[in-house]
Amino acid sequence: QVQLVESGGGLVQAGGSLRLSCAASGRTFNSMGWFRQAPGKERDFVAAITWSGGSTYYADSVKGRFTISRDNAKNTVYLRMNSLKPEDTAVYYCAARRASIYSDYDPSARYEYDGWGQGTQVTVSS
């Protein structure tokens, strides 16, 4: 049974920072990522990291502001979010992929992941 537990969301003013955590248990994963979903919108890719090589991927909207990292020993992935904007307001979901990483892996595609957390709310006030 895959279990992903997110934490670290909250309310912050524009320009502030938050760090999200996602602890994984029950399986070994080859990559983990973060997606977000604002009210009335699709669930969009934010960032992803591969577990062995540590390759990172980011949506253009968060490049330079967000940093994804991992702690292999704790089976935990983090998302450090700096310079937050009101448009970053959303429910943030952690995602995990058990399958190996192949050359056609698209880290931004939801179908690449087979485990999802319950989500954590991030609200950025202006």
Side-chain angles (χ1 to χ4, degrees):
Q1 183 82 18
V2 173
Q3 209 171 16
L4 302 173
V5 180
E6 300 113 329
S7 60
L11 173 64
V12 64
Q13 287 189 330
S17 298
L18 282 174
R19 190 181 79 157
L20 305 183
S21 301
C22 175
S25 62
R27 293 279 185 177
T28 299
F29 301 104
N30 281 292
S31 72
M32 293 183 73
W34 290 95
F35 288 72
R36 65 187 181 186
Q37 188 167 17
K41 295 191 175 181
E42 295 285 318
R43 188 173 297 188
D44 292 331
F45 170 72
V46 176
I49 187 167
T50 59
W51 219 245
S52 59
S55 298
T56 56
Y57 310 86
Y58 295 95
D60 288 343
S61 58
V62 306
K63 278 180 184 175
R65 299 189 299 125
F66 291 10
T67 303
I68 190 169
S69 61
R70 76 205 192 286
D71 184 327
N72 290 31
K74 295 182 179 179
N75 227 20
T76 298
V77 65
Y78 304 97
L79 185 69
R80 177 68 180 180
M81 305 184 294
N82 295 329
S83 303
L84 282 162
K85 306 174 182 180
E87 50 264 44
D88 294 318
T89 295
V91 177
Y92 283 69
Y93 295 91
C94 175
R97 172 188 172 93
R98 288 175 289 169
S100 298
I101 304 300
Y102 298 107
S103 58
D104 61 349
Y105 168 61
D106 179 358
S108 67
R110 283 177 286 173
Y111 63 76
E112 296 280 10
Y113 302 91
D114 46 19
W116 293 85
Q118 80 288 352
T120 185
Q121 177 71 46
V122 171
T123 302
V124 184
S125 62
S126 57

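Residue pairs that meet the salt bridge (charged side-chain N to carboxylate O under 4.0 Å, His left out) test with at least one member in residues 42-57, sequence neighbours left out, are Glu42-Arg110. Sorted pairs that involve residues 115-126 and meet salt bridge (charged side-chain N to carboxylate O under 4.0 Å, His left out), not counting sequence neighbours, are lacking altogether. The list of salt bridge (charged side-chain N to carboxylate O under 4.0 Å, His left out) pairs with a residue in residues 69-80, not counting sequence neighbours, is empty. Screening residues 39-70 for disulfide (SG to SG under 2.5 Å) gives no qualifying pairs among residues at least two apart or on separate chains. Note on residues 53-99: no pairs pass ring pair (Phe, Tyr, Trp, His ring centres under 6.0 Å), not counting sequence neighbours. Sequence neighbours left out, the pairs with a member in residues 4-113 that pass disulfide (SG to SG under 2.5 Å) are Cys22-Cys94. Applying the salt bridge (charged side-chain N to carboxylate O under 4.0 Å, His left out) definition to pairs two or more places apart or across chains, those involving residues 114-125 are Arg98-Asp114. Residues in residues 98-120 take part in these ring pair (Phe, Tyr, Trp, His ring centres under 6.0 Å) pairs, two or more places apart or across chains: Phe35-Tyr113, Phe35-Trp116.
With sequence neighbours left out, the salt bridge (Lys or Arg N to Asp or Glu O under 4.0 Å) criterion links Lys41 to no other residue. Remark: Asp104 pairs with no residue by the salt bridge (Lys or Arg N to Asp or Glu O under 4.0 Å) rule, at least two apart or across chains. Considering only residues two or more places apart in sequence or on other chains, Val124 meets the side-chain contact (heavy atoms from CB on, under 4.5 Å) condition with Val12, Ala14, Leu84, Pro86, Asp88, Thr89, Val122. When the salt bridge (Lys or Arg N to Asp or Glu O under 4.0 Å) test is applied to Arg97, the partners found at least two apart in sequence or on another chain are Glu112.
Under the 3.5 Å distance criterion, the side-chain polar atoms of Asn30 are matched with a main-chain donor or acceptor of Ala99.
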